[in-house]
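For reference, the structure discussed in these notes is given below.
Just so it is clear: chains get the letters A, B, ... in the order the sequence lines come, proteins before strands, and each one is counted from 1. All values below were derived from every heavy atom in this structure, side-chain atoms included, with hydrogens, water molecules and symmetry-related copies excluded. None of these values were measured; they are calculated from a predicted model.
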Amino acid sequence: MPIHEKHLIRPENLVRNDKLAIEGVDVSGDWSTFIQTRVITDYNEAMQEEIAALPGGEFIHRCWQCGSCTNSCTVNMLNPDFNPRYWIYLIRLGMEQELLRDKDIIWQCVSCNKCTYACPRDVVPEGVMKATAHWLELKGYVPEKPSMIFDDVFSEQVFAKGKIEEGRLMRKFFVRTQQKLAQPWLIVMVKGLVSRLPVTLLMRLGLAGVVHPRTRNWGRTRDAINEYVGEQNAKHRGALGLPAQSTESHS
Amino acid sequence: MTEKYRKVAYYPGCALEGTGHAYNRSTKEVGKALGLELVELENWNCCGAMEVKNVDPKLQTFLSARNLKIAEDMGFDTVMAPCNGCYHNLKKAEYDLSHDAGSRETVAKLAAKSGDQPYEAGNVETIHALEWIRDAIGTDELRKRVKNSLNGLKIANYYGCMYTRPRHIFPEKDKGPGSESTGKPHFMDDLLAAAGAVNVEFPLKTACCGGAHTLSDSDTSTRLVLNILTTAEACGAEVIATECPTCHSGLEMHQIRAEKVLGKKTNVKILYFTQLLGMALGLSARKVGVNENFSESRDLLKAKGLG
Ligand code: SF4
Ligand code: SF4
């Protein structure tokens, strides 16, 4: 898969001599610009298998680097450094250190599935992005990102109650990410709404804060789900060579 | 026209009990006005949404399949979900259960531990509110029932991501004339045109509003939404019609946020397609929950003689 990567030609790898003569020929300045040789020894040869062992990463091996995913990507449109094809390339080669340069933006995939739609090889790049974000977190390369905190808070509520109540979800999310719930734009929105809503609906919404929506007789399902999630976590950590139990707990 | 869609099981999902309340209300009102019957699933649970899928896709399949099983046990072979996320997830569960042995195994195991029978693929069909109205009534019949034409209201139809992607979970789409298109969906356009609207040519029908990160990466969502709003305006739209509670509240929230945080004001109004259809069928703006929207559209509607 020898695809030439512009990304690897970085300013710090360019050498340019202001004064240089080689065999009597003056090659000062731009004439002597060249790219420093890179020697890479720290490949993570298990990297592709590790990603493939996490949910969503299963089909990464199918990629033939056509670039359709990046070309159609919603987030790439906002930030050219967000490049699913390139990350898949690095993962398949095991270039962990290169991938880590982008560790703080990979989680920003919005799951629009434009890439999955465009991919001619059914790689499901959206899944690969999730698996990679998960991998970065499991390996301890990044602290839990806001979107993953959101996934966790959301999932915990579904597992516990069977349903989601948005007000509670938002409050919990803001607490876990240490943001103020009183975001100025949220206040404007809520004020506008309150001034228009009929009193009965407001009472109903207020009531929802007391009578939380939930699925009845959920206990056994909740236990089954929690047990399953525990098993899966252990499996994923095992595939990455990590001890079964995470030391930190978020609940 | 599909006779069996006249009475279907109804899966509102969590969002329609919260921020999407106006969608829930207007969907039910439109159904009533058209003589269609919805029977809500008993004791349903969350479909798993994108969040549980991110934690574990098979678990999301289990949660969605549990709802399909409820529909089946209630004697239905069709369930209608107006939320794109729910619709997408029930479809995905159906696809995974018929194509992936691992998913079947996980669902069977979790169902057994919960004391339930597992759902088996092929027994219940999931449809979206768009398909429900379009196929149970049809555009010709709808045109006849319009009491209060949308009167040339210029609309950009916004479908978002989950209604068409990834395409493999929607085997009935892209089947030529009469079927829905995943590249350029048109069911909402068809219904609103029958109700008297003028649909503008809108290239961002299936663009992403960043709904996945509405709260966790607000700046990305605001930029994506602003792009949708300004494009709709540039295309001449007065209203963006939505068919998903997450897209709808995302557009509304980030329209306000774009103004407050980026200083970019847009005027295009955001309404659920069911609110627009309801008003065309003669229902009042209040009846279809227009006052519950964050986007203030009442002046425009009044000027158009609607609501
Ligand atoms: S579209 Fe698919 S095959 Fe092409 S680069 Fe992306 S993942 Fe690889
Ligand atoms: S799902 Fe993620 S990676 Fe794929 S196109 Fe959308 S934002 Fe890009």
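Only the backbone of B:A112 comes within contact range of chain A, judged by heavy atoms closer than 4.5 Å. If you measure heavy-atom distances from B:T164 to chain A, the contacts under 4.5 Å come from the backbone alone. The contact between A:W107 and chain B is made by backbone and side chain atoms together, counting heavy-atom distances below 4.5 Å.
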Self-check item: side-chain contact (heavy atoms from CB on, under 4.5 Å) assessment of A:I225 paired with B:L63
Solution: CA-CA 10 Å; A:I225 291 175; B:L63 290 167; 4.0 Å; yes

Exercise. Just do the side-chain contact (heavy atoms from CB on, under 4.5 Å) check on A:Y228 and B:K58 with the steps written out, would you?
Key: CA-CA 10 Å; A:Y228 172 78; B:K58 292 195 176 72; 3.6 Å; yes

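A distance of 9.0 Å separates CG in B:D56 from CG in A:N233, rounded to the nearest 0.5 Å. The distance from the CG atom of B:N227 to the CG atom of A:L78 is 8.0 Å, given to the nearest 0.5 Å. Atom CZ of residue B:R165 and atom SG of residue A:C115 lie 9.0 Å apart, to the nearest 0.5 angstrom.
Counting only heavy atoms from C-beta outward, the side chains of B:L224 and A:M77 approach each other to under 4.5 Å. Under the 4.5 Å side-chain criterion, counting only non-hydrogen atoms from C-beta, B:P166 is in contact with A:N113.
Note: A:K114 leads A:H236, A:Q232, A:K114 in heavy-atom pairs under 4.5 Å with chain B. Counting heavy-atom pairs closer than 4.5 Å to chain B, the top residue among A:V75, A:T215, A:V110 is A:T215. Considering only heavy-atom pairs separated by less than 4.5 Å from chain A, the leading option among B:L59, B:T220, B:D116 is B:L59.
Residue-environment remark: CD (B:E105) stays at or below the threshold of 12 foreign heavy atoms within 6.0 Å. Within a 6.0 Å radius of CD in B:E42, other residues, nucleotides and ligands contribute 12 heavy atoms or fewer. Atom NZ of B:K173 is surrounded by more than 12 heavy atoms from other residues, nucleotides or ligands within 6.0 Å.
Within residues 116-135 of chain A, the residues having any heavy atom under 4.5 Å from a heavy atom of chain B are, by residue number, A:T116, A:Y117, A:E126, A:K130.
Looking at every heavy atom in both residues, B:K113 comes nearest to A:A224 through CB-CB, 3.6 Å.
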